[in-house]
Amino acid sequence: MSIQGKEPHGDENNIDQYAGDPTAPFNETEAFNNIWEALQWKQIRTRVPVCFKKTIRNRYMLANLIYFGYAIGILIIDFNPVVNGTAGTDNSCPTTGVSLDDSITQNDVTNKMYLGLGVVHLVSAFLYWWAWDNRVWHDIIMIPEYLNHIEAALYIWSAAWYPREDTYGGYYTLAIHKIEMTAATVELIASFGWIMSWYMTYIRTLGRGFTLDDPDVIGFLTTTISSFIYMAYNIQINLDPTQYGSNYLYTYGDIVYFVGACYYIFACFRDDHWFWFLPSSGQYGVAAGKIRVQPKVLPQFGKPPVLMCGSCRRRSKTIVKDVKQVEV
């Protein structure tokens with residue numbers, strides 16, 4: 001069984017909430033020459049309570065912790081022999097001569113864990129939707145969140161049918177493969193949707209954006225890579241159902257998925273400024289708050305959020321004139 005991807009951890013384009021926050025990492029005005037200077041007791045005493053207060057109120061941290069626990073649960077099923085029922089068996093020789101009429105060995109513990117993790121997946125999807133507190137429900141950037149709910153429901157459906165599997169070519173077995181193939185397709189589409197949402201909402205400054213200095217970038221890269229791995233696995237299983245139970249390609253996707261879960265937690269800690277002692281974009285002696293980078297203007301800036309139903313409305317033909325701002 002494969003698992004879902006992970007969306008970007010938040011809408012950071014709310015100027016009042018983020019850009020105007022003096023405790024945000026990109027508004028830091030104090031420059032440190034080395035890590036020891038940044039870790040002086042007066043800095044720890046002043047900054048840690050502020051960071052902790054922000055973290056316990058951060059909706060995305062709660063969602064990311066649920067997501068992190070979900071990823072750990074999947075890895076336990078993959079690699080714990082006691083849980084997955086491979087303890088005491090010889091896996092050195094691959095199974096040969098499997099036919100569609102051969103029986104599938106059931107594992108009640110694994111089936112129940114998959115069903116439970118499917119529910120956790122659904123809860124995680126709701127928490128990520130809930131975390132967009134400054135967006136209306138029909139904003140276009142909410143589409144990946146709804147796709148995430150659909151994907152979670154599909155995996156719960158397939159997990160509920162696991163106990164009904166009998167043979168490799170049985171009705172329920174083949175139906176499960178089709179359901180999970182659909183879920184993997186939805187996940188892949190949602191992965192690119194999350195990249196779109198992140199691109200439309202992140203604050204542009206040094207160390208943030210399309211750079212490996214930004215943990216969000218590593219996060220959505222791992223999400224997309226794992227989605228392609230799950231898609232490849234499901235295609236192989238649907239083409240040859242006899243590989244079910246012996247094809248472990250999905251475990252590589254689960255590992256990449258877990259790495260992404262770690263990076264999204266790092267991103268939340270970064271946004272709450274827990275890493276004030278680390279160099280800004282790899283350079284000490286630089287205060288990010290004293291450096292201003294001209295952001296790229298996107299269609300969203302200065303306009304209401306783009307709504308899902310906006311393209312269906314009839315609009316009057318008006319001439320839009322560019323207004324130039326004059327600095328005094």
Side-chain angles (χ1 to χ4, degrees), residues 1-12 25 35 48 51-52 54-80 83 113 116-118 120-131 144-145 148 151-152 155 187-188 190-195 197-199 201-202 207-230 233 248-282:
M1 177 181 177
S2 58
I3 55 179
Q4 53 97 6
K6 163 70 180 57
E7 59 274 14
H9 71 280
D11 178 4
E12 299 175 331
I35 191 173
V48 168
C51 297
F52 181 76
K54 294 177 68 175
T55 299
I56 61 176
R57 297 181 178 181
N58 191 336
R59 294 185 180 187
Y60 294 100
M61 178 58 77
L62 174 61
N64 285 332
L65 290 176
I66 300 297
Y67 170 77
F68 180 73
Y70 176 74
I72 292 178
I74 291 295
L75 290 181
I76 291 175
I77 296 177
D78 289 344
F79 300 107
N80 190 322
V83 174
M113 287 190 65
L117 289 174
V120 174
H121 181 174
L122 187 61
V123 172
S124 173
F126 172 77
L127 290 176
Y128 281 117
W129 173 85
W130 176 65
E145 310 304 333
N148 196 19
E151 179 196 348
Y155 278 129
E187 175 188 351
L188 185 61
S191 297
F192 286 99
W194 284 317
I195 296 176
S197 300
W198 178 83
Y199 176 75
T201 59
Y202 78 100
R208 300 171 65 90
F210 290 103
T211 169
L212 296 181
D213 290 334
D214 193 335
D216 276 325
V217 173
I218 306 296
F220 72 63
L221 284 178
T222 56
T223 298
T224 308
I225 293 172
S226 62
S227 297
F228 277 109
I229 294 176
Y230 296 145
Y233 165 77
Y248 297 104
L249 178 62
Y250 67 91
T251 60
Y252 295 98
D254 295 344
I255 295 173
V256 176
Y257 180 88
F258 172 77
V259 173
C262 295
Y263 270 95
Y264 281 116
I265 291 180
F266 294 158
C268 266
F269 280 132
R270 184 274 312 270
D271 292 339
D272 293 339
H273 207 11
W274 283 97
F275 302 139
W276 80 87
F277 52 87
L278 295 179
S280 177
S281 297

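Residue numbers count from 1 along this sequence.
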Heavy-atom closest contact (Arg270 atom, Pro215 atom, distance): NH1-CD, 3.7 Å
Spacing of CH2 belonging to Trp130 relative to CG belonging to Leu62, to within rounding of 0.5 Å: 6.5 Å
Any side-chain heavy-atom pair of Leu65 and Met61 under 4.5 Å: yes
Flag side-chain contact, heavy atom, 4.5 Å: Leu249 against Tyr230: no
ring-ring contact (aromatic ring centres under 6.0 Å, His included) involving Phe126 - partner list, sequence neighbours excluded: Trp129
Side chain to side chain, Tyr264 and Thr223, heavy atoms closer than 4.5 Å: yes
Non-hydrogen side-chain atoms of Ile77 and Asp254 separated by less than 4.5 Å: no
Rounded distance (nearest 0.5 Å) linking atom CD1 of Ile229 with atom OH of Tyr252: 10.0 Å
Aromatic centroids of Tyr67 and Tyr70 separated by under 6.0 Å: no
Within-4.5 Å side-chain heavy-atom neighbours: Phe68 and Ile265: yes
Distance (rounded to the nearest 0.5 Å) between Ile195 CD1 and Thr224 OG1: 3.5 Å
Non-hydrogen side-chain atoms of Phe79 and Thr251 separated by less than 4.5 Å: yes
Sub-4.5 Å side-chain heavy-atom contact between Val259 and Tyr263: yes
side-chain hydrogen bond (donor to acceptor under 3.5 Å, both in side chains) partners for Trp276, two or more places apart: none
Phe275 atom CZ, over 12 foreign heavy atoms within 6.0 Å: yes
Any residue meeting side-chain hydrogen bond (donor to acceptor under 3.5 Å, both in side chains) with Thr55, in chain and number order, not counting sequence neighbours: Asp272, Trp274
Atom pair CD1/OG of Ile225 and Ser191 - distance to nearest 0.5 Å: 10.5 Å
Residue pair Ile35 / Phe277: nearest heavy atoms and the distance that separates them: CG1-O, 3.9 Å
Close side-chain approach of Asn148 to Trp194, heavy-atom, < 4.5 Å: yes
is_close_aromatic(Tyr128, Tyr60), centroid dist under 6.0 Å: no
Side chain to side chain contact (heavy atoms under 4.5 Å, CB included) assessment of Tyr155 paired with Leu122: CA-CA 9 Å; Tyr155 278 129; Leu122 187 61; over 6 Å; no
Over all atoms of both residues, closest heavy-atom pair of Ala267 and Asp216: CB-OD1, 3.5 Å
Whether Tyr248 and Tyr250 hold their rings parallel, tilted or perpendicular, with breakpoints at 30° and 60°: tilted
Ser124 to Ala63 - nearest heavy-atom pair and separation: OG-O, 4.2 Å
Closest non-hydrogen atom pair between Gly253 and Ser226, with its separation: O-CB, 3.6 Å
Distance, nearest 0.5 Å, that separates CD1 of Ile66 from NE2 of His121: 13.0 Å
